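Keep in mind that what you see is a predicted model, and the values were worked out from it rather than measured.
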Amino acid sequence: MKTDIFTIGGVTIHGYGLMIAIGFILAIFVAEFRAKKYKLRDESVIDIALIAGIGGFLGAKLLYVIVEFKTFLEAPLEVLGSSGFVVYGGIIFGVLFNIIYCKIKKLNFGEYFDLVMPEIALAQGFGRLGCFLAGCCYGEVTTSRFGVVFPESSGFAPAGVRLVPTQLMSACGDFLNMALLMFIAYKFGYTAWKNLKNKDSNKKHFLAGDVGLIYFITYGVGRFIIEFFRGDVRGSIGVLSTSQFISVIAVVLGVVLLVINHKFVGEFYEKKEKEAL
């Protein structure tokens, strides 16, 4: 665990920020590569990434303010200036901002949604590695040999005791989620069927947007489970942590939107394709 990686002059490179930057840059490169492979507009990837970054930052901070609203009322600048963010807020705002962007640019949002969500999982994985270096989002006390001990220099995790490595568990889960979504997109995704398989009627395929919606289900389930092992102080709603409550909403929303996508949106595009023949 290393909060500060190195210092050049008066500038200190923090582990958390470095991992976030690496994840963001890698996500853009991978998304551009996949956009070219799937014959989508790779130049739009930069725009989508920047919009997702700005919208994600605002959304993650806004949801953190809501979760810590009592503290915010007492010391607003302390909350706004802190390193506290809630991932779900970033995801929601990033998606909403990019729906508007795709609408303006006349792009099929579903296809680009499917394209970038695996990269979002990739960036999240590096973000969790950053959490590990910083010592935040730590797990509960454990006697397991797999527990990790944080040093005194950690500004968040209690030092000198074994803790469940929830940050590393989350990172592994995010990377596995990325791999799963990429596999689904390649084997069954709408864009792969349309641009790589030449709309082969013998090939089963999902609809545009399905891969992105599956992300909400897989991430929601994974996050719900991880929360049971967290030991840091977080908000709660009843017996659930705030993130668990939002995870339930994310999973339900993902399932409902999948049904809507196939029942209504799918029929609309199917009708358009038949008219084009």
Side-chain angles (χ1 to χ4, degrees), residues 27 30-42 44-45 48-49 51-52 56 87-88 90-103 105-125 173-224 246-274 276:
V30 173
E32 283 191 319
F33 171 79
R34 294 180 68 237
K36 290 177 182 175
K37 178 180 178 180
Y38 288 108
K39 301 176 183 177
L40 294 175
R41 288 170 53 181
D42 59 290
S44 295
V45 170
I48 290 171
I51 291 168
V87 172
Y88 274 117
I91 295 170
I92 293 167
F93 268 62
V95 169
L96 291 177
F97 278 34
N98 274 301
I99 288 175
I100 297 170
Y101 168 79
C102 288
K103 189 74 174 175
K105 292 293 185 179
K106 295 181 171 57
L107 300 174
N108 184 335
F109 170 75
E111 290 195 70
Y112 287 87
F113 186 41
D114 289 346
L115 173 73
V116 303
M117 292 316 288
E119 285 76 27
I120 293 295
L122 170 64
Q124 283 179 308
D174 288 327
F175 293 140
L176 286 173
N177 197 19
M178 174 202 69
L180 174 65
L181 294 172
M182 285 185 177
F183 173 78
I184 293 173
Y186 180 72
K187 293 291 291 185
F188 308 107
Y190 172 81
T191 307
W193 172 77
K194 185 186 75 170
N195 294 341
L196 301 183
K197 299 170 185 175
N198 301 315
K199 298 185 178 180
D200 186 347
S201 58
N202 293 319
K203 298 286 186 181
K204 292 183 178 180
H205 66 89
F206 289 165
L207 299 178
D210 280 359
V211 176
L213 293 173
I214 290 172
Y215 164 89
F216 279 94
I217 298 171
T218 53
Y219 179 74
V221 170
R223 183 62 186 271
F224 187 90
I246 299 174
S247 292
V248 172
I249 294 174
V251 172
V252 172
L253 188 63
V255 172
V256 170
L257 289 177
L258 273 173
V259 172
I260 292 173
N261 199 30
H262 281 255
K263 182 65 178 174
F264 300 105
V265 181
E267 288 180 0
F268 171 75
Y269 279 110
E270 209 173 88
K271 185 178 178 182
K272 282 186 69 176
E273 284 179 7
K274 286 180 180 178

Atom pair [atom1]/[atom2] of [X] and [Y] - distance to nearest 0.5 Å:
X    : Y    : atom1 : atom2 : answer
R41  : L107 : CZ    : CG    : 5.0 Å
L176 : T218 : CG    : OG1   : 10.5 Å
L181 : L115 : CG    : CG    : 12.0 Å
L253 : I246 : CG    : CD1   : 12.5 Å

Which heavy atom in [X] sits nearest to a heavy atom in [Y], and how many Å separate them?
X    : Y    : value
L207 : D114 : O-OD2, 3.9 Å
Y112 : S44  : CE2-CB, 4.3 Å
V45  : A35  : CG2-CB, 3.9 Å
G189 : H205 : O-CB, 4.3 Å
N261 : G209 : ND2-C, 4.2 Å
M117 : G212 : CG-CA, 3.7 Å

For K187, is the NZ atom crowded, meaning more than 12 foreign heavy atoms sit under 6.0 Å from it?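 No - once you tally the heavy atoms of other residues, nucleotides and ligands closer than 6.0 Å, there are 12 at most.
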Taking everything shown except Y186 itself, do over 12 heavy atoms lie less than 6.0 Å from its OH?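 No.
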Of all residues at least two apart in sequence or in a different chain, which pass the ring pair (Phe, Tyr, Trp, His ring centres under 6.0 Å) check with Y38? none
I'd like to check [X] versus [Y] (side-chain heavy atoms, cut-off strictly below 4.5 Å). Are they in contact?
X    : Y    : result
T191 : V211 : no
N177 : Q124 : no
F224 : V251 : no
F216 : Y88  : no
Y190 : E111 : yes

Does the pair I91 and Y215 meet the rule for a side-chain contact (heavy atoms from CB on, under 4.5 Å), with working shown? CA-CA 11 Å; I91 295 170; Y215 164 89; 3.2 Å; yes
Among V255, I249, V256, side-chain contact (heavy atoms from CB on, under 4.5 Å) partner for V252: V256
Is the side chain of [X] donor-acceptor paired with the backbone N or O of [Y] at a distance under 3.5 Å, no angle test?
X    : Y    : answer
K37  : L196 : no
D42  : K36  : no
D174 : A123 : no

Taking atom types as modelled, is there a side-chain donor on D210 or H262 under 3.5 Å from an acceptor on the other?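 Per modelled atom types, D210 and H262 side chains form a pair under 3.5 Å.
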Between M182 and V30, does a side-chain contact (heavy atoms from CB on, under 4.5 Å) hold up when you go through it step by step? CA-CA 11 Å; M182 285 185 177; V30 173; 3.6 Å; yes
Pair up each side-chain donor or acceptor in residues 92-102 with any protein partner under 3.5 Å, not counting sequence neighbours, and list the distances.
{"unit_1": "N98", "atom_1": "ND2", "unit_2": "I48", "atom_2": "O", "d": "3.4"}
{"unit_1": "N98", "atom_1": "ND2", "unit_2": "G94", "atom_2": "O", "d": "3.0"}
{"unit_1": "Y101", "atom_1": "OH", "unit_2": "D47", "atom_2": "OD2", "d": "2.9"}

